[in-house]
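Following: one structure in structure tokens, then a few remarks.
Quantities reported herein were computed from a predicted structural model and do not represent experimental measurements. Residue numbers run from 1 in the order of the sequence given.
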Amino acid sequence: MSLVRLVKAVDPMSSRLDGAVVVVAGAGGAVGAAVVHRLARDGAVVVAAGRGEGRLRALAEDVERAGGQASAHVVDFLDVDALRLWVGQ
């Protein structure tokens with residue numbers, strides 16, 4: 001299923017992101033990981049994307065253990081062709 005089809009409208013008046021799919025680029029870094037954790041706590045289904053497979057998998061597992069929803073996706077956002085393939089999956 002395409003990531004584009006997964007995205008749903010979020011109520012801008014709500015502080016919760018219940019069920020919204022959010023892609024975080026650079027999720028393997030410290031700031032990206034903090035953003036992933038915060039979004040998951042707020043109810044988002046987080047797509048943690050970046051280049052470090054081990055860090056991304058560990059991050060997704062941490063989020064799941066804390067009761068959130070996250071998945072790890074290895075993608076280089078500087079590689080346009082790879083990015084197009086990833087978004088089209």
Applying salt bridge (charged side-chain N to carboxylate O under 4.0 Å, His left out), name anything that partners D62, two or more places apart in sequence or on another chain. R65

Those residues at least two apart in sequence (or on a different chain) that pass salt bridge (charged side-chain N to carboxylate O under 4.0 Å, His left out) with E61 are none

List, by chain and number, the other hydrophobic cluster members for L56, where Ile, Leu, Val, Met, Phe, Trp and Tyr join if side-chain heavy atoms come within less than 4.5 Å, directly or indirectly. V74

Under the rule for side chain to side chain contact (heavy atoms under 4.5 Å, CB included), what residues qualify as partners of [X], not counting sequence neighbours?
{"X": "L85", "result": "none"}
{"X": "A33", "result": "L59"}
{"X": "V75", "result": "A49, F77, L83, W86"}

By side chain to side chain donor-acceptor pair (under 3.5 Å), R38 pairs with (sequence neighbours left out) D42

Not counting sequence neighbours, which residues clear side chain to side chain donor-acceptor pair (under 3.5 Å) with R57? List them please. E53

Which pairs pass salt bridge (Lys or Arg N to Asp or Glu O under 4.0 Å) with one or both residues in residues 24-33, sequence neighbours excluded? none

Salt bridge (Lys or Arg N to Asp or Glu O under 4.0 Å) pairs, two or more places apart, involving residues 80-89: D81-R84

Compare every heavy atom of A60 with every heavy atom of A72, then report the nearest pair and how far apart it is. N-CB, 4.0 Å

Please identify which of these residues, L39, V47, V31, meets the side chain to side chain contact (heavy atoms under 4.5 Å, CB included) condition with V24. L39

State whether the side chain of E64 and the backbone N or O of A70 hold a donor-acceptor pair below 3.5 Å, judged by distance alone. yes

